[in-house]
Protein chains: 2
Amino acid sequence: MSKFQFLLEPRSIAVVGVSDDAARPGSQAVRALMRNGYQGRIFPVNPKYQEFQGLKCYASVQAIDEDVDLVVIGVPAKGVIPVMRECAAKSVPYVTVFSGGFRESGPEGVEREKELLDIARGAGIRVIGPNCLGFASIPSNVYAAFGSITRDPKLEPGNVSLVTQSGGFGYSIALACAEAKIGFRHVVATGNESDIDTVEMIDALIDDPETRCIVAYIEGTRDGRALLRVGRRALAAGKPVLLWKGGVTEQGARAAASHTASMTGSYDFYRALYKQTGIVEIGELHEVVDYLKAFAPGKQPQGNAVAVMGVSGGSAIVFADAGERRGLTLSALTEATQERLAPVVPSIGAIHNPIDLTAGYFSEHNKDKLEVALRAVLDDDQVGSLCVNLATTGPGGSAVAAEVIARVSNHYSKPIVVFSSTPVAANAEALDIFSQARIPVLPSPSRAAHALAVLWAYGRARERIVGAALAEPAAELDTDARAALRAGRALSEMESKAVLSKAGVPVTKDLLVRGDERADLAGLSYPAVVKVVSRDIPHKSEVGGVKVNLASAEAVASAIGQIRESVARLAPAAAIDGMMVSEMVTEGFELIAGVVNDVVFGPVVMVGAGGIYAEILKDVSFRLAPFDERTALEMLDELRCRPIFDGARGGATLDVASAARALAALSRFGWAVRDEVQEIDVNPLFLSSRGVVAADALVVPKARPGRGAA
Amino acid sequence: MSKFQFLLEPRSIAVVGVSDDAARPGSQAVRALMRNGYQGRIFPVNPKYQEFQGLKCYASVQAIDEDVDLVVIGVPAKGVIPVMRECAAKSVPYVTVFSGGFRESGPEGVEREKELLDIARGAGIRVIGPNCLGFASIPSNVYAAFGSITRDPKLEPGNVSLVTQSGGFGYSIALACAEAKIGFRHVVATGNESDIDTVEMIDALIDDPETRCIVAYIEGTRDGRALLRVGRRALAAGKPVLLWKGGVTEQGARAAASHTASMTGSYDFYRALYKQTGIVEIGELHEVVDYLKAFAPGKQPQGNAVAVMGVSGGSAIVFADAGERRGLTLSALTEATQERLAPVVPSIGAIHNPIDLTAGYFSEHNKDKLEVALRAVLDDDQVGSLCVNLATTGPGGSAVAAEVIARVSNHYSKPIVVFSSTPVAANAEALDIFSQARIPVLPSPSRAAHALAVLWAYGRARERIVGAALAEPAAELDTDARAALRAGRALSEMESKAVLSKAGVPVTKDLLVRGDERADLAGLSYPAVVKVVSRDIPHKSEVGGVKVNLASAEAVASAIGQIRESVARLAPAAAIDGMMVSEMVTEGFELIAGVVNDVVFGPVVMVGAGGIYAEILKDVSFRLAPFDERTALEMLDELRCRPIFDGARGGATLDVASAARALAALSRFGWAVRDEVQEIDVNPLFLSSRGVVAADALVVPKARPGRGAA
């Protein structure tokens, strides 16, 4: 760790706001530092005291006659700003502010937080908080914190770091892990995140050699792009990030808004980000525990096929049910494997997968047989990982099994997980052996399946994302289009299609017919469509400005005449730029695609089933732009209508690759024009066996500062 | 309890198959009976011993000179049949067979199981097993079982009964409950269910006054209808049934088939059954624990609106996220409530929902304030239930909170659940108070939300189902149609629509034009369709046998002529019954409906979005027939395309009530003809603002014994 080393492991800490009231946050921090044997210097600050807890007490930060790495501020909100000024004067590098009464508490608090940040920026101070429970670095006994983390049970040191916007709920996560004997490195509650936010902290923790896994609870982030970058960096570094996003439903988001005043951001976009970073989504406390256990040995499943072995048929079924829903399969076993199993599995058992060892198998008597069975299965190339169901095996049998499994596990790089129902209190011997060997023990077969599924998905994400080619640079906007967008004008259908076409998204052929001369329609295929082009006519159909299904050049010419006449009658004041003649798409499945330039995540690409189904059935997929064709294929694979592309119900096989190319191109374009473009709608986008083509498009400019959206 | 009283609480038990080998199942049972102080008579049976464990040992069942309520058979498979004969000779009423080697083990085992059952049926013996771990009745210390349940930890007596096809996995469920201090009444492992199955056992347990909740793990059932009846009876009796169905995925089902040789049945149909019975679906071990805790106080949420109160904003957000996904909402609080809260909640907290009491609130100091706050919220008519988030509050604060919550809870019929992260080992005082007051304490906010959601859904199911009008009797099949189906002939489109119309499903108007005379088309609306009617022509279009979009009587007459000519040329040998002239449907949303007569569940009705979407997007809903219109409306509500019916995207509002009437009618018909009909397809079924109408239908007969499907 370098970046935040003297923040998280300060050599000296001043605590402003200590008092004889042991419940005061500052008092809690000093007591925790002392009780836990923090090795640096502690400077309590309160002008009323000479001494606090046997330490010299200072009248102010400036009165401290030594260097201070970290100042902890626990005074009421109104007193924070003066203390910050002292910190600035003393060139303190790091501050954490416990106090509430900032952004979360209304306009006055917003101003106060701004002032705090101004002082910090001006003096180069980095700040955690305000409105936070602070942080602790367990191995070095740093407790710049108050509340639960300063009380029993003390967290054990370990390799998991936790970053949390909500100190309270974050500590619920820590306690759940502690109960499962998971140890911690840094535990940081970021609160209002006026300066250092969760994402920057995760970024720093990636570089901490002692941190192997990072757990985070957030309610929002102001910069989804930073999270994307940091998530990918963590993936490349092989440090799993387990992220719990609170406020993913309408009501959850409402509750979050009143909690940390965070922008919660669209859950769809977070989910896209998880897929693009390998970040593991968390939605329940025990998932954190289970997945940390699963990641601890650092082993990767070799594929999604699992072997299940044990003494309870029901458990194997429950495992299969849960596994299938997360993409696992029960692997076939080769004949060679079954031949090796036959002599060591009772005849009333089963040597196919799931392997039924029969009740009571785990015993001293079967030790050697169990080893043969485990090795046979793990040697099988078709087996990617193994779940052993001890189920309700008693403590004696469990200990025997643990010993054999631990020994065999050492020789294999395939992960093994164990399901045990044996009450923990009675099972110390076995649990200890498993723990030493870093073999995850899960309390249900479904949780065992989920743990393996997460490992497998993480490994796939690494293969897919790390080192994947970055998207190539996109075509630039031409000068006219850029000027129009900068002026806050949406591009017309024809302009929109022209820029998309240049960017690599196939569009239907359009011709602009101006003036009175006979249209030059050479090279156009039929049927065709004619639409009036005018900025003054928002709804073309209402003024008879659209004619479809025109079979020939003559029909087109006649339609142009009819439109001209109708528009002249119904919209006499409209300035007419001309007539757009387009080829009409007569085949293909109707998709919809688009880009939205989200305030948190930047350009995000959407693709979905078109027509009423996009909106009603929400058959859509999202990814943050830019991305490559492989990612675009994954998006298409996620659609429920996907089987149609493969010719379901006797239809033609559609050209999925061309759709993926168009989406990747759209993503590059959306990214390239992110400063000008708020939204791109490609609707409809027809996918046929001959390719993909956009029949209509719209490019909407970003609202400029100081003026409304166009 | 009456039906199985002397099975589950026998006055005397003979155990056949005891031996000096303590691991033998019979030996385990006798030792468990003696160790636990079973009060009845125990008769060990083994001709080799005079005495077993200090008890007189008998040479055979017949050698026992007293009445025997229950014989436990633990001898190897081959020895079971002779023992059964002895039981028959001695008129033993109940037997449980531990031994494997029956249906689950191949053809020889199937024969053996049949013989076992024949003896039992002949002698009026009721049997649990074979291939089972047996059963225990905890309060009366009956242990007709072997394996985990006979070992430590001993289950505590209580009011939960557990029935499980898989003894091993069932006991994992029991251990998870035991760890949460949930006590048991009867624990029954049914194994192969040759005679008594899970459903019959649940049925008997409904009548056991000491059983308040029933938990079941099954891999399949042979009679889904019995489960439906029993589920409804349990609901009416107010005894929640928590059902875990193993083998709900493809791979899970495959594993189940090799485990208990159960017919797993369609998961869709089980889910329909859950909705029609209020049975609570279980898919994870902790759900059993959480929901049993939630049901224990016997309180029902008054609506789906929940108040959340506590010291952790993050927990409230996580609760809201989890609750919304299960149909809960955070209730608004009246002004009166907020006025009552204001003086007792710190000003930096929040008096809207979620109510933020602020960190450290739960303390002796705030005892009276907490009581005021709890009462204010529970008095609010908009609040249906309450979750209190203690989160990481320490043991002292938790105990204070527990005392106040327990006291207040006594005065309210609204359920209260508590989320606590405090380590259990350190929190005995609070947990004890909560336990006495039957207030569920859950270890995560999401689990607290799920528990309340299950309570709410159960209450709704009771309101909806108990006492609901039964579906009225359906129209009978007319004699011709019945004869055709009994002969194994599918009804023609016209016949099918005629019987459905008679049953109350609106169909398009059809006319049959026979012979050469000019069609009498009076009263027909246009456009119309003409199709040739002939049993010899399976694919009418291929012989030019269909003409659509006919605008007038003249066009119809002309089309009839053309079809006649074309068919005469392309299918000269076909016998022509005539021409069917039908009104063509030109408006409405395309649905699909149908009935499948499932071997496990009987007639099940399906409705879904039509066209390609039924198959590809699987936007379908199922219910077991027969059912009422309200149930049909629920089915329609479940469809993802539902917003279209309400005029989404500017469309017309569709006549949903007419669709519900048609589905209810279809369900009554499907039920009435269950002996004759295998399948009914109504496709397409058009729903418009003017009603619903089936444009095509097919009624397929049941395969008769001794012949293939028609």
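Order of the sequence lines sets the chain letters (A, B, ...), proteins ahead of strands, with each chain counted from 1. Atoms considered below: every heavy atom in the structure, side chains included; atoms not considered: hydrogens, waters and symmetry mates.
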Side chain of A/Glu324, backbone of B/Glu250: donor and acceptor closer than 3.5 Å? yes
Is any side-chain heavy atom of A/Ser444 less than 4.5 Å from a side-chain heavy atom of B/Glu284? yes
Please flag which part of A/Phe419 lies under 4.5 Å from any non-hydrogen atom of chain B: side chain, backbone, both or neither. side chain
Would you find a donor on one side and an acceptor on the other, under 3.5 Å apart, between the side chain of B/Asp321 and the backbone of A/Gly246? no
Acceptor/donor pairs from residues 174-181 of chain A side chains to any protein atom, 3.5 angstrom cut, sequence neighbours excluded:
none

Is it the backbone or the side chain of B/Pro153 that comes under 4.5 Å from a heavy atom of chain A, or both, or neither? side chain
Could you grab the distance from atom CZ of B/Arg325 to atom CD of A/Gln251, nearest 0.5 Å is fine? 12.0 Å
Just so I understand: if I count every heavy-atom pair under 4.5 Å between each of A/Arg642, A/Arg151, A/Arg447 and chain B, which residue has the most? A/Arg447
Name the member of A/Thr392, A/Asp152, A/Val424 that forms the most heavy-atom pairs with chain B at distances under 4.5 Å. A/Thr392
A/Gly283 and B/Ser446: which non-hydrogen atoms are nearest, and at how many Å? O-OG, 4.0 Å
So for A/Ser105, is it side chain, backbone, both, or neither that comes closer than 4.5 Å to the heavy atoms of chain B? neither
What residue in B/Val318, B/Leu285, B/Leu328, B/Leu330 has the most heavy-atom pairs under 4.5 Å with chain A? B/Val318
Under a 4.5 Å heavy-atom cut-off, does chain B meet the side chain of A/Pro443, its backbone, both or neither? backbone
Can you name the ring-ring contact (aromatic ring centres under 6.0 Å, His included) partners of B/Phe169, sequence neighbours left out? B/Tyr217, B/Trp244
How far does OG1 of B/Thr249 sit from CZ of A/Arg326, to the nearest 0.5 angstrom? 13.0 Å
Kindly indicate whether the side chain of B/Arg640, heavy atoms from C-beta on, has any atom under 4.5 Å from the side chain of A/Lys618. no
Looking at chain B, which one of A/Ile348, A/Thr393, A/Thr329, A/Asn353 has the largest number of heavy-atom pairs inside 4.5 Å, strictly under? A/Thr329
Between A/Gly100, A/Pro395, A/Ala23, A/Pro423, which has the largest tally of heavy atom pairs under 4.5 Å with chain B? A/Pro423
Given that the side chain runs from C-beta out, which part of A/Leu133 has a heavy atom under 4.5 Å from chain B: side chain, backbone, both or neither? neither
In terms of heavy-atom contacts, A/Ile317 and B/Ala256 come closest through CD1-CA, 3.3 Å
Chain B shares the most heavy-atom pairs under 4.5 Å, among A/Pro445, A/Gly168, A/Ala322, A/Ser172, with A/Ser172
